[in-house]
Protein chains: 2
Amino acid sequence: MAVKKTKPAASTEAAPEPAGRVDLGLLDGLLGYRLRRAQLAVFQDFMTAMKDYDLRPAQFSVLAIIEANPGLKQSRVSEALGINRANFVALLDELEQRKLARRAAAAGDRRSNALYLTPKGESFLKEAYRHLLQQHERRIEAVLGSADKHLLLSLLDRLTAL
Amino acid sequence: MAVKKTKPAASTEAAPEPAGRVDLGLLDGLLGYRLRRAQLAVFQDFMTAMKDYDLRPAQFSVLAIIEANPGLKQSRVSEALGINRANFVALLDELEQRKLARRAAAAGDRRSNALYLTPKGESFLKEAYRHLLQQHERRIEAVLGSADKHLLLSLLDRLTAL
DNA sequence: TATTGTTATACTCTATAACTATA
DNA sequence: TATAGTTATAGAGTATAACAATA
């Protein structure tokens, strides 16, 4: 972000700047390492785009699942996202306090909660998603292109089935 | 992993099992979500393969960087891996206690530590990596194939540059 | 007996501030 | 003044155990 230091000064004492690039060694061929770095970069970009909405990836995913499956039981939502049901409680509490989602009585099972978006939650999610497409996914397609993005998605799905 | 429940029993009361699959909704097209699921699956497989070595991904990455860049300063190692220098201290402490890596005086700067693998660390890393190739990367190539794995690596690199 | 939502708890990761010794 | 390593601390994310209500 700042001005690039050219640092051409040839000093007399041994080079104070260590060396050129750091060699990744064995890490270079490991898929997990490259996957992690890419995932961190994408999540960072996601959070930058959602900063004004105060929405983290996990929160967005909960809203998206509820929107697509209104009335789904709490346990099924957390399970679908791979979130421990105990940890899901506080996550949902916050969305409920923000009036984006709500817990309702589930038909036929008084132990369960059926989850729904509030009208505010519906419009909030739609607008957040629109913004996400314009900012975040747009930046991704700028470096990948549409064809390679879909190619990447299919490659990732094969890994998820590991 | 367990036996697949066929559950063909047609009960009289309304279907107790909610529905078929959960719809991912907006999540389906989001690259970040798919990336995260794939990364989690790959890290899980990595940890399974490294269970007997008691080596987590971050620990492996530190050993790999030091092996490829012996004598590199502590701050440069943590920086190369994107690990906060404050958090790197305990990580390195453990590797040093296990006699896999060591801190040495850096030539020309008494503030810095130069990092090296111990002979034990060298052979430990080599063996862990050999096992990783045989178990972990082998399973990955089984679902991806060599060509698609390299294709995936190049796609991921473009994202990391976001 | 088993399941749903919940609380409590602990352990890992990550992020920031501040100290020390050096530069 | 600035940097390298360190400590302390706080916040997320994640995992397990146990409880009450209900099935």
Side-chain angles (χ1 to χ4, degrees), chain A residues 2 5 7 11 13-18 36-37 39-41 43-44 46-47 50 54-62 71-96 101-115, chain B residues 5 11 13-18 32 36-37 39-41 43-44 46-47 50 54-62 71-97 101-115:
Chain A
K5 273 203 290 184
K7 183 119 195 194
S11 61
E13 38 277 354
E17 297 282 330
R36 175 175 166 269
R37 300 304 291 239
Q39 189 254 309
L40 253 47
F43 263 44
Q44 192 54 55
F46 179 101
M47 289 187 288
M50 287 292 96
D54 191 23
L55 207 59
R56 282 160 291 143
Q59 296 174 312
F60 180 90
S61 68
V62 171
L72 198 62
K73 287 195 291 180
Q74 185 170 324
S75 57
R76 296 261 296 162
V77 174
S78 63
E79 176 192 74
L81 291 170
I83 299 172
N84 187 310
R85 77 185 199 274
N87 299 328
F88 190 75
V89 175
L91 183 49
L92 185 57
D93 281 350
E94 201 188 325
L95 294 175
E96 205 169 27
R102 64 188 177 88
R103 287 179 243 236
D109 190 341
R110 291 194 300 174
R111 294 171 304 179
S112 300
N113 293 329
L115 303 188
Chain B
K5 272 202 288 184
S11 62
E13 39 277 352
E17 297 281 331
R36 173 174 166 270
R37 299 305 290 240
Q39 190 253 309
L40 253 47
F43 264 44
Q44 194 54 56
F46 180 100
M47 289 188 288
M50 286 294 95
D54 191 24
L55 207 58
R56 282 160 292 144
Q59 296 174 312
F60 180 90
S61 69
V62 172
L72 197 63
K73 287 195 291 180
Q74 186 169 323
S75 56
R76 295 261 295 162
V77 174
S78 62
E79 176 192 74
L81 291 170
I83 299 172
N84 187 313
R85 75 186 200 274
N87 299 328
F88 189 76
V89 175
L91 183 50
L92 185 57
D93 280 352
E94 201 188 326
L95 294 175
E96 205 169 28
Q97 279 155 20
R102 63 188 176 86
R103 286 181 244 237
D109 189 340
R110 292 195 298 174
R111 294 171 305 180
S112 300
N113 293 329
L115 304 189

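Every chain is numbered from 1 and lettered A, B, ... according to where its sequence line falls, protein lines coming before strand lines.
Listed here is the closest heavy atom pair of A:Asn113 and A:Ala106: C-CB, 4.3 Å. Scanning both residues, B:Ser78 and B:Ser75, for their nearest heavy atoms gives OG-O, 3.1 Å. Closest approach of B:Asp54 to B:Gln59, counting heavy atoms only: O-OE1, 3.6 Å.
Atom CG of B:Leu91 is separated from atom C1' of C:dA15 by 16 Å (rounded to the nearest Å). Going from atom NZ of B:Lys73 over to atom P of D:dT3 covers 11 Å, rounded to whole Å. Atom CZ in A:Phe43 sits roughly 16 Å away from atom P in D:dA12 (whole-Å rounding). The CZ-P distance, from A:Phe88 to C:dT3, rounds to 20 Å in whole Å. In this structure, the CZ atom of B:Arg37 is 15 Å from the P atom of D:dG13, given to the nearest Å. Across the protein-nucleic acid pair, B:Gln59 atom CD and C:dT12 atom P stand 10 Å apart, rounded to whole Å. Protein atom CZ of A:Arg56 is 14 Å distant from nucleotide atom P of C:dA15, rounded to whole Å. Computed from coordinates, the B:Gln74 CD to C:dA21 P distance equals 17 Å when rounded to whole Å.
Using a distance-only test at 3.5 Å, with no hydrogens or angles considered, no donor-acceptor pair links the side chain of B:Gln39 to the main chain of A:Gln39.
Note on B:Arg56 versus B:Glu94: salt bridge recorded, some NZ/NE/NH1/NH2 to OD/OE distance being below 4.0 Å.
The shortest distance between the side-chain N/O atoms of A:Ser75 and the OP1/OP2 oxygens of C:dG5 is below 4.0 Å. Look at A:Arg103 and you'll find a side-chain N or O under 4.0 angstrom from OP1 or OP2 of C:dT6.
In this structure, the salt bridge (charged side-chain N to carboxylate O under 4.0 Å, His left out) partners of A:Arg111, at least two apart in sequence or on a different chain, are A:Asp109.
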Which letter, B, S or -, goes with each nucleotide of nucleotides 14-23 of chain D from 5' to 3', with contact meaning a protein heavy atom under 4.0 Å? BBBBB--BBS

